[in-house]
Amino acid sequence: GGAIISQEEIAEKEANCKEIGLAGEQWVLHFERARLKAEGRHELAEAVEHVSITRGDGLGYDILSYDTNERELHIEVKSTPFKIGTPFMITRNELDHARNHPDKARLYRVFQLYQQPRLNTLAGNLEDRL
């Protein structure tokens, strides 16, 4: 038989898998641009930035987007090919950023990444909810 792998081990493997992380971030990038275009905000859609690529991954979030009032959204993306409820790893830096910018911080949980991606979002300080 195969080895049993714990939920925590799955979360750790996913956290270390650049391919899953990047695919989820790119999906959210397209999602945010499409959302803003659908709201008629083409200039904001153009401004959505994949900051973990363009500015490095020390910011505590992956995607810089905007709401329709032009307020910044700092989106940390956590992706899994599995179903909702699969645990994930979050870093101290990511938690600190969310706590320090509760008005801007968003956590986008992308699941079923390679089938039909679905999205679960959390806003603000994450520590009291994770």
Side-chain angles (χ1 to χ4, degrees):
I4 303 297
I5 179 166
S6 74
Q7 294 284 317
E8 289 72 24
E9 287 172 302
I10 289 172
E12 199 168 339
K13 281 191 184 334
E14 286 181 356
N16 294 323
C17 181
K18 294 272 182 274
E19 182 195 318
I20 291 172
L22 195 58
E25 289 169 24
Q26 288 170 337
W27 187 84
V28 168
L29 191 71
H30 293 298
F31 176 89
E32 284 295 295
R33 286 179 176 155
R35 177 182 64 78
L36 287 161
K37 284 177 186 166
E39 292 166 352
R41 304 306 305 268
H42 292 268
E43 75 293 351
L44 289 176
E46 293 297 313
V48 175
E49 186 182 344
H50 195 168
V51 292
S52 62
I53 299 290
T54 60
R55 305 183 199 183
D57 61 6
L59 292 172
Y61 64 100
D62 301 309
I63 308 286
L64 172 63
S65 189
Y66 300 88
D67 68 13
T68 46
N69 299 318
E70 299 180 25
R71 285 190 298 252
E72 284 189 3
L73 298 177
H74 295 175
I75 303 170
E76 173 59 32
V77 182
K78 297 293 181 182
S79 305
T80 180
F82 303 114
K83 65 187 191 309
I84 191 167
T86 306
F88 59 90
M89 307 279 283
I90 190 157
T91 68
R92 182 83 253 158
N93 188 31
E94 292 159 359
L95 281 174
D96 288 346
H97 184 83
R99 189 179 59 244
N100 296 333
H101 304 87
D103 52 327
K104 297 176 182 167
R106 302 288 183 273
L107 188 134
Y108 281 23
R109 179 65 166 143
V110 181
F111 52 99
Q112 294 169 204
L113 180 62
Y114 298 122
Q115 298 149 342
Q116 210 172 9
R118 306 281 297 278
L119 189 60
N120 207 10
T121 65
L122 292 171
N125 184 358
L126 304 168
E127 286 185 299
D128 47 1
R129 283 180 295 168
L130 295 178

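The first residue in the sequence is number 1, and the count goes up from there.
Residues passing the salt bridge (charged side-chain N to carboxylate O under 4.0 Å, His left out) test with E25: none are found, sequence neighbours excluded. Partners of E49 under the side-chain hydrogen bond (donor to acceptor under 3.5 Å, both in side chains) rule, at least two apart in sequence or in another chain, are T54, R55. Evaluation of the salt bridge (charged side-chain N to carboxylate O under 4.0 Å, His left out) rule for E8 yields no partner, not counting sequence neighbours. Here R41 pairs with E43, E70 under the side-chain hydrogen bond (donor to acceptor under 3.5 Å, both in side chains) rule; sequence neighbours left out. The side-chain contact (heavy atoms from CB on, under 4.5 Å) test applied to N93 returns T91, not counting sequence neighbours. Scored by the side-chain contact (heavy atoms from CB on, under 4.5 Å) test, H101 finds H97, D103, K104 as partners (sequence neighbours excluded). In this structure, the side-chain hydrogen bond (donor to acceptor under 3.5 Å, both in side chains) partners of Y108, at least two apart in sequence or on a different chain, are E32.
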*Begin with the C-alpha distance, continue with both residues' side-chain angles, and end with the deciding distance and a verdict on side-chain contact (heavy atoms from CB on, under 4.5 Å) for V77 and I63.*
CA-CA 8 Å; V77 182; I63 308 286; 4.0 Å; yes
*Could you go through the side-chain contact (heavy atoms from CB on, under 4.5 Å) check for D62 and I75 one step at a time?*
CA-CA 6 Å; D62 301 309; I75 303 170; over 6 Å; no
*Between K78 and L107, does a side-chain contact (heavy atoms from CB on, under 4.5 Å) hold up when you go through it step by step?*
CA-CA 7 Å; K78 297 293 181 182; L107 188 134; 4.2 Å; yes
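Sorted by first and then second residue, the side-chain hydrogen bond (donor to acceptor under 3.5 Å, both in side chains) pairs involving residues 112-124 (not counting sequence neighbours) are E19-Y114. The list of ring-ring contact (aromatic ring centres under 6.0 Å, His included) pairs with a residue in residues 31-59, not counting sequence neighbours, reads W27-F31.
Residues F111 make up the rest of the hydrophobic cluster containing I84, defined by ILVMFWY side-chain heavy atoms closer than 4.5 Å, directly or through other members. Under a 4.5 Å side-chain heavy-atom criterion applied to ILVMFWY residues, the cluster that includes L22 comprises I53 as well. Clustering of Ile, Leu, Val, Met, Phe, Trp and Tyr side chains at separations under 4.5 Å leaves M89 isolated, with no partner residue.
Although no hydrogens or angles enter the test, the distance criterion places a donor-acceptor pair under 3.5 Å between the side chain of R109 and the main chain of T86. A distance-only check finds no donor-acceptor pair linking the side chain of N69 to the backbone of R71 [under 3.5 Å].
Ion pairing of K13 with E9 is absent here, as no side-chain N (NZ or NE/NH1/NH2) approaches a carboxylate O to less than 4.0 Å.
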